Amino acid sequence: MSSALTDLFPFPIVQAPMAGGVSVPQLAAAVSEAGGLGFLAAGYKTADGMYQEIKQLRGLTGRPFGVNVFVPQPDHAESGAVELYAQQLAGEVTWYETELGDPDGGRDDGYDAKLAVLLDNPVPVVSFHFGVPSREVLDALRRAGTLTLVTATTVEEALAVERAGADVVTAQGVEAGGHQGTHRDTPENDGAGIGLLSLIAQIREAVSLPVVAAGGIMRGGQIAAVLAAGACAAQLGTAFVATPESGAHPVHKQALTNPLFARTELTRAFTGRPARALVNRFLREHGPYAPAAYPEINYLTAPLRKAAAKAGDAQGMSMFAGQGHRMARELPAGELVQALMTELASAGTQLSDVARCGGEAR
C-alpha cells in the first residue's frame with residue numbers, strides 16, 4: 001500500500017519520535033540519509049527548543065523528516081492522589097538527595113506555540129500523540145504542505161483520526177516502548193492493549209487511511225510481517241535507542257541487552273500515564289500504586305530520574321523500551337537501516353519459497 005508519506009522516503013522504515021532526549025537531530029539525520037524517515041520529538045521541549053533542533057537537523061540533511069507533537073491532556077488528576085504519591089516517594093528523595101518536581105508544570109506542553117512554529121516554518125511530516133488534533137489544525141498543516149500522522153491504539157481511535165482529516169494513522173500495538181498513545185487515559189483499560197498484527201488488520205478493515213505500524217519491531221522480518229498485514233511502513237523506536245547517534249543515556253543503551261533487565265511492563269510509575277519500560281527497582285516498588293495523573297507525575301518524578309541518570313543508577317531511571325529490546329543492536333543508525341532492509345528482502349525471498357512449498361521446515 002503506497003501513500004504520499006512513503007513517496008517521501010525509499011525504505012518503509014520510520015524512526016519513532018522518542019521524547020526525553022533520545023530522538024536528537026543526529027539520529028533523525030542518519031536515518032533520513034539512509035533512506036528511512038527520521039523524526040524529532042518536540043515533547044517536553046519549548047517551542048524555541050523544537051525550532052532550534054529543526055534548524056540543526058536541516059543543517060545535517062536535505063532529506064525529508066518529521067516532528068512529533070503531544071496533544072494537550074484533559075485535567076482529570078486528583079490532587080490528593082498526586083500528594084499521596086509524593087509522600088510515597090520520600091525514600092527516593094532521601095536516597096538521591098534531591099527534591100521532587102512541581103506537579104503543576106503545565107498541561108499543554110506548549111502545543112499552540114509549537115504549532116505556530118510548524119506553520120511558519122513547515123516541515124515535511126508532523127505526527128501527533130495522546131489524541132487527535134482539531135480538523136482546523138490538520139487542515140492548516142495540509143495547506144502548509146505538511147503530511148500528518150496521528151497515533152491510534154484501537155479501531156475507535158483510528159476512526160476518530162480519519163474523521164479529523166489526518167493523512168495517515170499510526171497503529172501502535174501494546175508491544176511498543178514508551179507511552180501508549182491512547183486518546184483517553186482510562187485506568188480501567190490498563191493492560192487491555194491490542195497486539196500490533198491484530199490491530200493493523202482491524203484498522204485496515206475499518207478505515208481507508210494508510211497505516212504505519214509501531215510496536216516491538218526490531219528485525220526486517222517483522223517489517224515484512226506488518227507490510228504483509230497491510231501497513232505502508234514500520235515505525236521502530238527501541239531498535240534505534242542503542243545506536244551511537246541516539247541521545248539515550250549510555251546506561252539505558254546497555255540495559256536493553258543486559259540480562260538483569262529481562263522484561264518490560266506498562267507502568268504509570270514514572271509519568272502517571274501507561275508507558276512500557278524495562279522493569280527496574282523504581283518500577284517494581286512504585287508502579288503498583290502510581291496514580292493516573294499525567295503530566296503531574298512526570299513533573300513530580302523528573303528530578304529523581306535526572307539524579308539517577310547522573311549517578312548512572314539504572315534502578316532509578318525511566319528506561320523506556322519495547323518488548324523486543326533484547327534484540328537491540330549497537331550499530332550506527334544508517335547501518336541499522338541497511339541491515340533491516342537486507343533482512344526485509346530476505347524475508348520476502350523466504351516467503352516466496354514457502355508459497356511455492358519449496359522451503360524447508362525449521
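These figures come from a predicted structure and were not determined experimentally. Values below: every heavy atom of this structure, side chains too, minus hydrogens, waters and symmetry copies.
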Suppose the criterion is ring-ring contact (aromatic ring centres under 6.0 Å, His included): which pairs have a residue in residues 203-224, not counting sequence neighbours? none
Can you list every ring-ring contact (aromatic ring centres under 6.0 Å, His included) pair that touches residues 27-74, not counting sequence neighbours? Tyr44-Phe70, Phe70-Phe130
Side chain [X], main chain [Y], donor-acceptor under 3.5 Å:
X: Thr342; Y: Gln338; result: yes
X: Arg276; Y: Val174; result: yes
X: Asp185; Y: Ala292; result: no
X: Tyr96; Y: Lys306; result: no
X: Ser134; Y: Val137; result: yes
X: His252; Y: Phe320; result: yes
X: Gln323; Y: Glu175; result: no
X: Lys253; Y: Glu330; result: no
X: Gln222; Y: Arg219; result: yes
X: Thr61; Y: Ala29; result: no

Minimum-distance pair of heavy atoms, taken over all atoms of [X] and [Y]:
X: Thr148; Y: Asp167; answer: N-OD2, 2.9 Å
X: Val31; Y: Gly38; answer: CG1-N, 3.9 Å
X: Val69; Y: Ala42; answer: CG2-CB, 4.4 Å
X: Val150; Y: Pro133; answer: CG2-CD, 3.9 Å
X: Ala239; Y: Leu236; answer: CB-CD2, 3.8 Å

Just verifying a value: how many Å separate Ile217 CD1 and Leu340 CG, rounded to the nearest 0.5 Å? 10.0 Å
Can you measure from CZ (Phe261) to CG (Leu283) and round to the nearest 0.5 angstrom? 11.0 Å
Do the side-chain N and O atoms of [X] and [Y] include a donor-acceptor pair separated by under 3.5 angstrom?
X: Thr271; Y: His179; answer: yes
X: Glu157; Y: Thr182; answer: no
X: Gln172; Y: Thr151; answer: no

Check the surroundings of atom [atom1] in [X]: do more than 12 heavy atoms from other residues, nucleotides or ligands lie under 6.0 Å from it?
X: Glu188; atom1: CD; value: yes
X: Arg184; atom1: CZ; value: no
X: Gln88; atom1: CD; value: yes

Given Arg273, Glu296, Arg107, the one that forms side-chain hydrogen bond (donor to acceptor under 3.5 Å, both in side chains) with Gln73: Arg273
Any [X] side-chain heavy atom under 4.5 Å of [Y] side chain:
X: Leu40; Y: Ser23; result: no
X: Val211; Y: Val169; result: yes
X: Glu343; Y: Met218; result: no
X: Asp139; Y: Arg135; result: yes
X: Pro12; Y: Thr6; result: no
X: Leu344; Y: Ile13; result: no
X: Gln235; Y: Thr170; result: yes

Can you pull out every salt bridge (Lys or Arg N to Asp or Glu O under 4.0 Å) where at least one residue sits in residues 34-58? Sequence neighbours excluded, please. Lys45-Glu53
